[in-house]
Amino acid sequence: QVQLVESGGGLVQAGGSLRLSCATSGRTFSGYAMGWFRQAPGKEREFVVVSSRSGGSTIYADSVKGRFTISRDNANNTVYLQMNSLKPEDTAVYYCAAGKAAMVTWRNYDYWGQGTQVTVSS
């Protein structure tokens, strides 16, 4: 029903910045809550940030507050994750997700992208 494709990952030095993109297709983009999650090797997938479909409510994980920013471009059906002041512990595969509501639990999302690798060197 909804397809999501992430891009923008790569290798960056600690303290650097990176912007991830999530292009969507299928049903109306504005009708879904969106979120970003990440998974490091050997660890559980964890919440990064989620945003309601209207954009009126946004929740960031404590580990990324003040450094990461989610934004939506409805005209282009794209969601972005701007990541600044990156740290080695931010290294993970990052996934965008779409669901009916902005939940911090990844199991509650209906659609997922394939993921994009972000590696932060020290």
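- Put simply, V49 and V93 are part of two different groups of oily side chains (I, L, V, M, F, W, Y) that touch within less than 4.5 Å, one to the next.
- Between L81 and Y94, some side-chain heavy-atom pair lies under the 4.5 Å cut-off.
- Residues Y111 and Y32 meet the side-chain proximity criterion, which asks for heavy atoms closer than 4.5 Å.
- Rounding to the nearest 0.5 Å gives a distance of 7.5 Å between OH of Y109 and CE of M103.
- In this structure, the separation between CD1 on I70 and CD on Q82 is 12.5 Å, given to the nearest 0.5 Å.
- Shortest non-hydrogen contact noted between A102 and A33 is N-CB, 3.5 Å.
- Under the 4.5 Å side-chain heavy-atom criterion for grouping Ile, Leu, Val, Met, Phe, Trp and Tyr, M34 is not connected to V50 through any hydrophobic cluster.
- Geometric assessment of R45 against the ring of F37 yields a negative cation-pi assignment under the 6.0 Å and 45° thresholds.
- Considering every non-hydrogen atom in both T78 and N76, the closest pair reads OG1-O, 2.9 Å.
- Distance check, rounded to the nearest 0.5 Å: SG of C96 to CD of E6 gives 4.0 Å.
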With side-chain contact (heavy atoms from CB on, under 4.5 Å) as the test, would you mind laying out the steps for V48 and F68 before giving the verdict? CA-CA 9 Å; V48 176; F68 291 11; 3.7 Å; yes
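- E44 CD: more than 12 foreign heavy atoms inside a 6.0 Å radius.
- V79 and V64 fall within the same hydrophobic cluster, defined by Ile, Leu, Val, Met, Phe, Trp and Tyr side-chain heavy atoms under 4.5 Å apart, directly or through other members.
- The structure places CZ of F47 at 10.5 Å from CZ of R38, a figure rounded to the nearest 0.5 Å.
- The two residues T58 and S51 have their closest heavy-atom pair at OG1-OG, 3.5 Å.
- Atom NZ of K100 sits about 6.0 Å away from atom CG of D110, to the nearest 0.5 Å.
- Put simply, the side chain of T24 gets close to the backbone of N77: a donor and an acceptor are under 3.5 Å apart.
- In this structure, L4 and Y95 have side chains that are not in contact, with every pair of non-hydrogen atoms separated by 4.5 Å or more.
- Distance check, rounded to the nearest 0.5 Å: OG of S52 to CZ of R72 gives 7.5 Å.
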Stepwise side-chain contact (heavy atoms from CB on, under 4.5 Å) test for Y60 and T69: CA-CA 9 Å; Y60 291 89; T69 303; 3.8 Å; yes
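- Closest heavy-atom contact between S122 and A14: CA-CB, 4.4 Å.
- In this structure, S85 and S17 approach most closely via the heavy-atom pair N-OG, 4.3 Å.
- In the hydrophobic clustering of ILVMFWY residues, with side-chain heavy atoms under 4.5 Å counting as a link, V104 and W112 come out together.
- Contact of the Q13 side chain with the L86 side chain is not registered, since no non-hydrogen atoms from C-beta on lie closer than 4.5 Å.
- Checked for salt-bridge contact, K87 and D90 miss the test: no charged N lies under 4.0 Å from a carboxylate O.
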For E89 and V120, what are the C-alpha separation, side-chain angles and deciding distance, and is it a side-chain contact (heavy atoms from CB on, under 4.5 Å)? CA-CA 8 Å; E89 50 263 46; V120 184; over 6 Å; no
